Every structure is written in C-alpha cells, then in structure tokens.
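In what follows, a single structure is set out as structure tokens and then discussed.
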Amino acid sequence: AAEDAGEVVSLVAEVEKVVKAQAIVIDVIAPKTPEISLTKESDLGVSNEDGLTNDSSPTVSISFDTLANDGSAVVIGDILQIFNNGITEEPYTLTQEDIDNGFVELPLLNLETGSYFVSASISDRAGNSSFVTSLKVTVDIDAPVFSSGAIAAAIDENTIADQVIYTPTSSSDDVWKFELVETNDSAIYFDQESGSVKLAVSPDFEAPIGDQYSFTLKATDNAGNAS
C-alpha cells in the first residue's frame, strides 16, 4: 500500500510538470495589470486617497481582474510580487479567497518617515508577467510643533465678548487644522475663519463660567499626527 501511495504521489508530480510545460507553450497572455492603493484605514490625515499617512505599518490593497475571458484573468496560484523602493518583498501566492474577493491586502512593516514607491505585478504559472503598477506612499510620524507659546493673552474683566485670546501658529509647514479638545470651557470657542481662540462671553472673573476660561488646543497635520 505504501508503495502504491508513493507511485500516486509520483504520478501527480509528473502530471503537474506536464501541465506546467503545456501552459508555458500554450499560454502567452499575461495577467491584467493589478491596481494598488492604501486601504482607507491606513491612508490617514486630511485625505484617505492621497497616499499620505502617519501609520508606520500601512496596509496596501492590490485588486485584480478575475473575470476577463481573454486569458488575462488572474487565477488561483498566480504569484503577486511586491516591490518597496525597488526591494523585492516576499512573493505571495493567490488563494481561492483572494480570487473570490478580487483583491488582497498586505502590510508594509516598520516604515520610517519618508517616501516609498510601492509596486506590484502578477505572474501566472506559465511565467507571463503583468505590467507593473505603482503607488507613492508617504509616511510622516512627526507631530506638528506649536510656535505660539503655551499661554494666552491677558484680558480685561467685563470687556466685550468675542475677543481674541490666542492665535495659534506652528513651525510645521503642513498643519491641517487647529481645534479645541472636547473638554474645553464652554465660554471658549475656536473661530475657524480667523484661526483664533475667542471668548464666547464677556469675561467676569468674580463669577467665571466653567473652568476659569481655560482651554486646550490641538494641532493636526496633513498626515493625521496631532499635538
């Protein structure tokens, strides 16, 4: 019985060789070029479509055509090859689940701040390779820096409401927005039009509203880093 099993395994291996050899001779059509993008969960910050993120291990999504009837459809066993700045990542063999989904998601691990050119191509068992598709991924893990100090301007009691008490600035050139954190005093608001923190009431230090007109301001850059 063991001998018979060995013969079966050997036969399967030989058939596989024949199938592959026939595929090389017959199949001259390359798989269609895949499409590559960052997943929306990894493409953080001001836009989820710009390739800019503060995720140091972002996930890329590679989608491919599984329905073409001209021989270019991607099938089980095709090899997905990823290149990161020209360096070859571990090849990935597409599974039935990948084919059913029409895409595969793979992480790019432990990236430092900088730009990365991520490319992908697919090869079939006959050795035909698709064209290469590319994506620029920019990783920024550095939070913006306030250059306007940590203390607001002094204000006089019983003066008008709506006066400016603090105007934030940053030494970073990619600040997306300034905003007050949710726990701020209700007597304080941030005016997006003027870019300044203002009093919503006339200040009365003998009977202050909230926590003595205190506030915390947050700066967020285009990649989603906050300080």
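This is a predicted model, so every value here is computed, not measured.
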Between Ile82 and Leu135, is there shared hydrophobic-cluster membership here, with clusters defined by ILVMFWY side-chain heavy atoms closer than 4.5 Å? yes
Residue of the set Leu44, Asn54, Val175 for which side chain to side chain contact (heavy atoms under 4.5 Å, CB included) holds with Asn225: Asn54
What closest approach, in Å, do Phe146 and Pro168 show between heavy atoms, and which atom pair accounts for it? CE2-CB, 4.0 Å
Distance only, no hydrogens: is a donor on one side chain within 3.5 Å (strictly under) of an acceptor on the other, for Ser147 and Thr169? yes
Backbone N or O of Val46 within a donor-acceptor pair of the Asn222 side chain at under 3.5 Å? no
For the pair Asn85 (side chain) and Phe117 (backbone), establish whether a donor and an acceptor sit closer than 3.5 Å, ignoring hydrogens and angles. yes
Before you tell me yes or no, could you show the steps for Asp70 and Ser72 under side chain to side chain donor-acceptor pair (under 3.5 Å), namely the whole-Å CA-CA distance, both residues' side-chain angles and the distance that decides it to 0.1 Å? CA-CA 6 Å; Asp70 60 357; Ser72 64; 2.6 Å; yes
Which heavy atom of Ser148 sits nearest to which heavy atom of Tyr166, and what is that distance? OG-OH, 2.8 Å
Inter-residue atom distance Asp78.CG - Phe64.CZ, 0.5 Å rounding: 9.0 Å
So, taking the atom named OG1 in Thr59 and the one named NZ in Lys40, what distance separates them when rounded to the nearest 0.5 Å? 14.0 Å
Would you say the side chain of Val118 lies within less than 4.5 Å of the side chain of Ile36, judging by non-hydrogen atoms? yes
Check: residues 101-114 side-chain donor-acceptor pairs under 3.5 Å, at least two apart:
{"residue": "Asn101", "atom": "ND2", "partner": "Glu97", "partner atom": "O", "Å": "3.2"}
{"residue": "Thr113", "atom": "OG1", "partner": "Ile141", "partner atom": "N", "Å": "3.4"}

Return yes if some donor-acceptor pair links the side-chain N/O of Thr133 with the main-chain N/O of Ala120 below 3.5 Å, else return no. no
Has the side chain of Asn128 got a donor or acceptor atom that lies under 3.5 Å from a matching backbone atom of Ser123? no
